[in-house]
Every structure is written in structure tokens, then in C-alpha cells.
Amino acid sequence: MIQIAILGLGTVGTGVARVVAENARQIERKLGEALQVKAVLVRHFKDGPYRQLMTDDFSKIEGDDEIRVVVETIGGVDAAYEYTKRALSAGKHVVTANKQLVAERGCELLALARRKNVSYLFEASVGGGIPVLHPLTQCMAANRIDEVCGILNGTTNYILTRMVRTGAFFSDALREAQAKGYAEADPTADVEGVDAGRKICILADLAFGRQTDPERVPMEGIGRLSLRDVKIAGRAGYRIKLLGRAVRLPGGGRTAYVAPHLIPEDHPMAGVEDVFNAVMIRGNATGDVMFYGRGAGELPTASACVADVMECLQASPKRDEIGWSPDAGGFEDPEKLKSRYYFRVEGSLTDAAMAFGQVEVLSEDGETAFLTDALSGAEAARQSRSLNVLARMRVLDSGSAGSGREA
Ligand code: HSE
């Protein structure tokens, strides 16, 4: 019997316990031994099916030599960081879905795991149930990765889909996403782009092999998005999606950011709806590869955690192909990236044309909505200075992970 412990019993922790129990036979067949949850760390004891396993004392888990894997689902950094370090130092494998901890401290924790000859695996931290980190670091290992671009937050994609399809109010759609277990404990992390930002940092870390400091990654969410822009874009053949992008720049630099984008309807990511996420990775040998699936929720996220638990126990020698240097140098401002821009301004087409030259008009009714040619963010800001800008978004062009028009 292989014993594991779960830290935290929220949506993901409960899902891990359920998957271990409900899929016990498949797991045993693959591992050659049964897997059992021996302890669950909680702050407050609650009645329920796991009552007998609960403890509020981490040192009992840390000192229990029978426990070989710790699944950390506490979230946040403080306690999760301390317990992860202690579990790794005690020679236990650690598996997590905690994107904040991985984005901020993953490189250091991975190095500690290597020193202790155990694994630190975090597939569930990006894309919920979608396998994306393993394919990126293993199956695409022979590529130079040039770009990663994705719909990385299930809550905001669910909200946008509900607003567009059924005209739901933002607050109602958010409440539904919370009730379904998609949203973070503090949903402002979802709405303001921070959750997607942590995930694009992790993807950038693994794609480019260098630390991406989340503090330097601009993160804009859907909080300021207007239904008016969604409708104008829809009539012109575009969908609006919150995207995270990490791009290798000519000359060896790299950049990353999160922001709403207009996506042409024929782009594979335009049809990704509800809680679904999609990640496109552009390798120099593969071209674009796309991963799609449920990006949040109890069982999809737990599925990725339990698969990592099984991998820790099976890997011999342990998986060690993740190249991730603590060196954060070479990160550049995403404003340097070129793309077409969508603008909605208070004013006429003449005002728009005076600022940008020729533009593609999408709507004119007192306000003017239009698309520019490809510009850097800095150029777009400078040229629009004379205009009263009501909305501004990048356009993601068809046919590539990101904008094929980029410099
Ligand atoms: N709150 C996250 C989301 C959960 O909505 O995508 C999965 O990381």
C-alpha cells in the first residue's frame, strides 16, 4: 500500500481524495500497488467522509515515513511554501496545483527537490486537467519554443461565454463560476488577469528555461471589458478572449503579458468556450501545437494531480528534464510587440484617420471603432494621444500561436 497526504481540503484537495477512491482499481493496476490517502491537513476539523484522516499538525505528516507523496492544495504562498520545503527536505515527493507558489518559488523548490532526489511536479498548476507542461518539457523537448499563447483562466472564459451567449450580467456569471468551483478563493485574481498571469509565467519559465518575475508581467483582466466592444467585435467577425502570451523576441530576449484580445472567428482559439482552456505552443520544428480541455474544476484538476502522484512513484530514474534557471535576465517590455490594435474612441472617423492614417472601420455612431495596421504598444499609445480612447485591445491574427505579423 502506498500512502499519500493531502494538504488542504478545498475544491482540488477534495477532488484528489475522490479520484484516489473512485479510480482505485485503475490506479492500482498501473502502480502495481494500491494508493491510499493516509492524512489530510486542515485548519478546521469538519464532519464528512475524510474526518478520520484529518490533522491540523503538519509535523505528523512530515515525520511519517510511510507517507511518500504530499499533495499540496492549500494555495497561496506562505504556509504552502513552508510545508512544501519541509516535505521535500523530509524526502517526500510533492505535487501541487498551486500556480502562485510555482510562479513565485517553483525554480527554487525544483532545485531543492533535485538535491533531495525527489520530484516536485505541478502539471495541475496550468490548464487544470489539460496535459500541457509535460508535453512542453518532454514531447517538445527537441524544439526551440518561440511562443506560448493561451486561454488560461476558466472563470473568465466562462463569464465571457455566458455574457455573450445569454446576455448574463457579469456578477451573475461570476457567481455561477464560483458555485461550479472554478473561481479562486478571491475571484479578483481571476477577473483581473492575475491567475492567468501566474500561469503564463510558469509556461514562460519552462518554454524559455529562465525565471519570469511575475512582478514584471503586465496583467490586465476582463474587469474593464465592455459588452459594447464584444458586440462590435462579434459583428466584424472577431471574438474577445482573455489571453496570456509568452513570446521569444528577435535578439534572444523574451516577454510575457495577459490582456483581452480580439481573435478572428477562424482562429482555433475563437471557439474555446465556457470553462475550457486552450494553449498553443509554437516550436521551431513542430509549428503550432494546441492543447484543449477543462481548465478548472474539482475532478479535472485532481486528475492532473493524481497523475503526477503516480508519476513520482513510477519514475525511475526520476524525471529531470525541466530546464529552469533562476536567472531572470533578458525579460523585455511587451509593449515592444507589434500587432494590429482595436480602438473605440469618442470621435469621428476623421479623428481616427488623422491619428493613425488608414484604418479599418468597424462601427461609427458618435463613437468610432476601428482596427489599425500592425503597431507596437508604444506606437499605439503615442498615435492615440489626441483621441479620447474608450477601449483598446490587441488583435491576435489567424494561423499562428500568436500574431504572425509581429516584428
Ligand atoms: N480559478 C482558476 C480558473 C482555477 O478559473 O481557471 C484553475 O486554475
Side-chain angles (χ1 to χ4, degrees), residues 8-16 19 71-77 80 95-104 106 121-133 136 148-163 168 170-206 214 217 219-223 225 241-245 258-260 269 272-279 291-308:
L9 201 58
T11 302
V12 182
T14 306
V16 170
V19 170
V71 185
E72 183 273 299
T73 70
I74 301 174
V77 168
V95 165
T96 189
N98 184 339
K99 48 253 156 172
Q100 184 177 3
L101 182 60
V102 178
E104 292 181 19
L121 297 182
F122 40 88
E123 180 64 64
S125 66
V126 177
I130 312 172
V132 60
L133 301 185
L136 171 62
V148 183
C149 169
I151 296 170
L152 299 171
N153 183 265
T155 301
T156 46
N157 207 40
Y158 182 85
I159 293 171
L160 285 176
T161 305
R162 297 281 294 130
M163 287 171 70
F170 183 97
S171 52
D172 292 339
L174 173 58
R175 253 195 305 279
E176 284 173 30
Q178 286 176 295
K180 286 173 183 277
Y182 301 157
E184 297 302 297
D186 174 3
T188 52
D190 296 296
V191 171
E192 298 304 329
V194 175
D195 178 78
R198 290 169 180 148
K199 293 168 182 166
I200 199 64
C201 286
I202 297 169
L203 287 163
D205 294 331
L206 302 191
V217 174
M219 299 172 191
E220 181 189 337
I222 61 167
L225 192 63
K241 297 285 181 192
L242 184 67
L243 295 183
R245 291 181 68 203
V258 176
M269 273 198 283
V272 176
E273 302 215 302
D274 290 314
V275 71
F276 286 87
N277 283 192
V279 184
F291 302 87
Y292 169 82
R294 288 179 193 279
E298 180 182 323
L299 293 181
T301 311
S303 149
C305 287
V306 178
D308 272 354

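Indexing begins at 1, ligand by ligand and atom by atom, following the structure's order.
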**Q** Please test Thr161 against Glu273 for side chain to side chain donor-acceptor pair (under 3.5 Å), starting from the C-alpha separation and ending with a verdict.
**A** CA-CA 6 Å; Thr161 305; Glu273 302 215 302; 4.6 Å; no
**Q** Just which atoms of ligand 1 are under 4.0 Å from any heavy atom in Lys199?
**A** 2 (C), 3 (C), 6 (O), 7 (C), 8 (O)
**Q** Need the ligand 1 atom indices (1-based, order shown) with element for anything under 4.0 Å from a heavy-atom of Asp190.
**A** 1 (N), 2 (C), 3 (C), 5 (O)
**Q** Measure the distance from atom 5 (O) of ligand 1 to every protein heavy atom, then report the residue, atom name and distance (to 0.1 Å) of the closest one.
**A** Thr155 OG1, 2.6 Å
**Q** Using a strict cut-off of 4.0 Å, indicate which atoms of ligand 1 neighbour a heavy atom of Tyr182.
**A** 1 (N), 2 (C), 3 (C), 4 (C), 5 (O)
**Q** Does ligand 1 have a heavy atom under 4.0 Å from the side chain of Asn153, from its backbone, from both, or from neither?
**A** both
**Q** Checking a contact table here: which protein heavy atom is nearest atom 8 (O) of ligand 1, and how many Å away?
**A** Lys99 NZ, 2.6 Å
**Q** Between Gln178 and Gly181, is there a donor-acceptor pair closer than 3.5 Å when you use the side chain of the first and the backbone of the second?
**A** no
**Q** Does Gly193 offer a backbone N or O that forms a donor-acceptor pair with the side chain of Glu220 under 3.5 Å?
**A** no
**Q** When you look for heavy atoms under 4.0 Å from ligand 1, do you find them on the side chain of Thr156, its backbone, both, or neither?
**A** neither
**Q** Does Thr156 reach the main-chain N or O of Asn153 with its side chain, forming a donor-acceptor pair under 3.5 Å?
**A** yes
**Q** Give yes if a backbone or side-chain nitrogen or oxygen of Glu184 is under 3.5 Å from a nitrogen or oxygen of ligand 1, and no if not.
**A** yes
**Q** Taking only heavy atoms of Gly154, which atoms of ligand 1 are found under 4.0 Å from at least one of them?
**A** 3 (C), 5 (O), 6 (O)
**Q** Let me see the working for Val272 and Asn157 under side-chain contact (heavy atoms from CB on, under 4.5 Å), right down to the final yes or no.
**A** CA-CA 8 Å; Val272 176; Asn157 207 40; 3.9 Å; yes
**Q** With under 30° as parallel and over 60° as perpendicular, where do the rings of Tyr182 and Tyr158 fit, or are they tilted in between?
**A** perpendicular
**Q** Looking at ligand 1, is there an atom of it that comes within less than 4.0 Å of some heavy atom belonging to Gly295?
**A** yes
**Q** Is the side chain of Ser303 donor-acceptor paired with the backbone N or O of Leu299 at a distance under 3.5 Å, no angle test?
**A** no
